[in-house]
Amino acid sequence: MNKRALILCTLLFGTFLLHAQGPVRDRIKTLKVAFITEQVGLTSEEAQQFWPIYNAHEETMEDIRRKERAQIHANIARALELSTNESEQLLDNLLALQFDKQKAEREFLSKLRTVIPAKKVLLLVKAEEDFKRQMIQQFRKRRGRN
């Protein structure tokens, strides 16, 4: 990642933290879109095909995460109290959700491969990891100051 992109992302994120006026999730999404666009280097034609696929995938993954929170995490906290049958059912649900995640990721990468070159798909994977890492670092820095 070049220094300019890192500085831009850091400034945007810092501004976002200082002037939080609205849903945090929307601001993070805006930063993520800018970061991905910069890092992957999509042409305008590629972007027109890429973003609908990406956004649909993000919605699918958010639905799966919601199900995880509702079905799994609430019940795992009381794992010691669950009966054998309840534990079996919870584990089956967890495995099904993990399968759904894996399936969604495979379908997503396969679809992307048809609209952008494989190299840019790999750059996307890297950009998403880099973005997460930067967000975590910024969060830790911010918490350290408070």
Do Y54 and E128 have side-chain N/O donor and acceptor atoms under 3.5 Å apart?
->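 Distance-only check passes for Y54 and E128.
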
H57 and E107: side-chain donor and acceptor closer than 3.5 Å?
->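 There is no such pair between these side chains.
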
Apply salt bridge (Lys or Arg N to Asp or Glu O under 4.0 Å) to the pair R66 and D63, showing each step before the final yes or no.
-> CA-CA 5 Å; R66 268 191 222 103; D63 288 344; 2.6 Å; yes

Nearest-0.5 Å distance that lies between atom CD1 in I36 and atom CD in Q39 |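 The distance works out to 9.5 Å.
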
When rounded to the nearest 0.5 angstrom, what distance separates CD in Q98 from CD in E68?
->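 So the CD of Q98 and the CD of E68 are separated by 7.5 Å.
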
Would [X] end up clustered with [Y] when hydrophobic side chains under 4.5 Å apart are linked, directly or stepwise?
{"X": "V33", "Y": "L31", "value": "no"}
{"X": "L112", "Y": "M61", "value": "no"}
{"X": "L42", "Y": "V121", "value": "yes"}

Determine, for E129 against K132, whether the closest basic-nitrogen to carboxylate-oxygen distance falls under 4.0 angstrom.
->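 Answer for the salt bridge query: yes.
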
Pair D130 + K126, salt bridge at N-O below 4.0 Å =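 Judged by the 4.0 Å cut-off on N to carboxylate O distance, D130 and K126 do form a salt bridge.
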
Greater than 12 external heavy atoms within 6.0 Å of K111's NZ |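 Check fails, neighbour count at 12 or below.
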
Check for a donor-acceptor pair, side chain of E62 on one end and backbone N or O of E59 on the other, with a separation under 3.5 Å.
->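 No: the side chain of E62 does not pair with the backbone of E59.
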
Check the pair L124, F108 against side chain to side chain contact (heavy atoms under 4.5 Å, CB included), reporting the backbone distance first and the verdict last.
-> CA-CA 12 Å; L124 169 66; F108 171 63; 3.9 Å; yes

Check against side chain to side chain donor-acceptor pair (under 3.5 Å), N93 and Q89 = CA-CA 6 Å; N93 291 347; Q89 184 61 47; 3.0 Å; yes

Please report the C-alpha distance between F35 and Q134 in whole Å, then the side-chain angles of each, then the deciding distance to 0.1 Å, and finally whether the side chain to side chain contact (heavy atoms under 4.5 Å, CB included) criterion is met.
-> CA-CA 11 Å; F35 187 81; Q134 281 187 2; 3.9 Å; yes

